[in-house]
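Chain letters run A, B, ... following the sequence lines, proteins first, then strands; residues in each count from 1.
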Number of protein chains: 2
Amino acid sequence: MSKQPVRVPLALVDCHTPLVDEPLSADQAERLASSFKALGDPIRLRLLSLIASHAGGEACVCDLTDAFDVSAPTISHHLKVLRETGLVTSERRATWVYYRAEPAALDLLSTVLSVPQRANA
Amino acid sequence: MSKQPVRVPLALVDCHTPLVDEPLSADQAERLASSFKALGDPIRLRLLSLIASHAGGEACVCDLTDAFDVSAPTISHHLKVLRETGLVTSERRATWVYYRAEPAALDLLSTVLSVPQRANA
DNA sequence: CGTTTATTTTGACCGATGTCGAAGCAGACG
DNA sequence: CGTCTGCTTCGACATCGGTCAAAATAAACG
């Protein structure tokens, strides 16, 4: 029942305030933009969603490849982009490679976009 | 004290479930990706943040241009991208053009990325 | 060990996108 | 009316990014 260690991708430490609250620094914007860019492709979004919503919290690449009309190298490329931004992690077990979503990364981006309701300014 | 009309950008009606809950359809992914792609540029992120956090809830283009090292046409281009995805709206008043953030659009994207905490699957 | 299957890397292609200067448009103000 | 200022559009250019086929790597299996 212990708390999971909260894994915030290295590139995103220090970005935790909703962007509507105060202007992002150039530096924060640079790092956040990389993450959103990774989400800015329909195949990557679907991959992430498939992985995150998959039974057991992980999905094998072979499961993912079949869901799309693009070649295996293309899927691999998109997974790499998601990995490099810390949105997913991967682990090889025997023949197959399994991907998991990184909830802390998603949550952080969700927070940045959130709109805290307050008195209408 | 009446409720504001909730303005969800047309392209995003029908996308309201966290992507970790169930796989996005190709169609939803396509539309959401457009929005995230708009957020996938550091200048656009900072523009959005500047606009949303600006006193009065709106900012004039002239305020925005000075904050960056790029030309006015480039700022205008980025604002157009934000406008076309429904993240901001603009209004001309006399000499100046004012931009506002669209909270419903931000909130929707925030929801899609959110991670509802539940029993660890 | 050679083969087969799963996944990634490499290299090339080409369309998409960020950038700028120049030109255009819209109001305001003499 | 003519001109000035604020903003956008146009056209060109360079870079980036998604895609594939082919080759490379990894692990199992016979």
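Projected onto DNA chain C by closest heavy-atom contact, A:Tyr98 and B:His78 fall at different nucleotides, the more 5' of which corresponds to A:Tyr98. Mapping B:Cys62 and A:His77 onto DNA chain D by nearest heavy atom places B:Cys62 closer to the 5' end of the strand. In this structure, B:Val61 and A:Arg44 both approach DNA chain D, and ranking their closest nucleotides by distance from the 5' end singles out B:Val61.
Using modelled atom types, one side-chain atom of B:Ser53 and one backbone atom of B:Ser49 make a donor-acceptor pair closer than 3.5 Å. Between the side chain of A:Ser110 and the backbone N or O of B:Ser110, at least one donor-acceptor pair lies under 3.5 Å. Panel note: side chain B:Arg44, backbone B:Lys37; a donor-acceptor pair is recorded below 3.5 Å.
Within 4.0 Å of A:Ile43, counting heavy atoms only, lie sugar-phosphate atoms of the nucleic acid but no base atom. Nucleic acid contact class of A:Thr95 (heavy atoms, under 4.0 Å, all strands): sugar-phosphate only. Within 4.0 Å of B:Tyr99, counting heavy atoms only, lie sugar-phosphate atoms of the nucleic acid but no base atom.
Side-chain polar atoms of A:Arg92 and A:Tyr98 form no donor-acceptor pair below 3.5 angstrom. If you check the side chains of A:Ser114 and A:Thr111, you find no donor sitting under 3.5 Å from an acceptor. A donor-acceptor contact closer than 3.5 angstrom is absent between the side chains of B:Thr85 and B:Ser34.
The shortest distance between the side-chain N/O atoms of B:Lys37 and the OP1/OP2 oxygens of C:dT17 is below 4.0 Å.
For DNA chain D, the outermost nucleotides in 5' to 3' order that have an atom under 4.0 Å from a heavy atom of chain A are D:dG17 to D:dA28.
Straight-line distance from the CG atom of A:Leu79 to the P atom of C:dT8: 6 Å, rounded to whole Å. Across the protein-nucleic acid pair, B:Arg92 atom CZ and C:dG27 atom C1' stand 6 Å apart, rounded to whole Å. For A:Arg93 and C:dT7, the CZ to P distance is 12 Å, given to the nearest whole Å.
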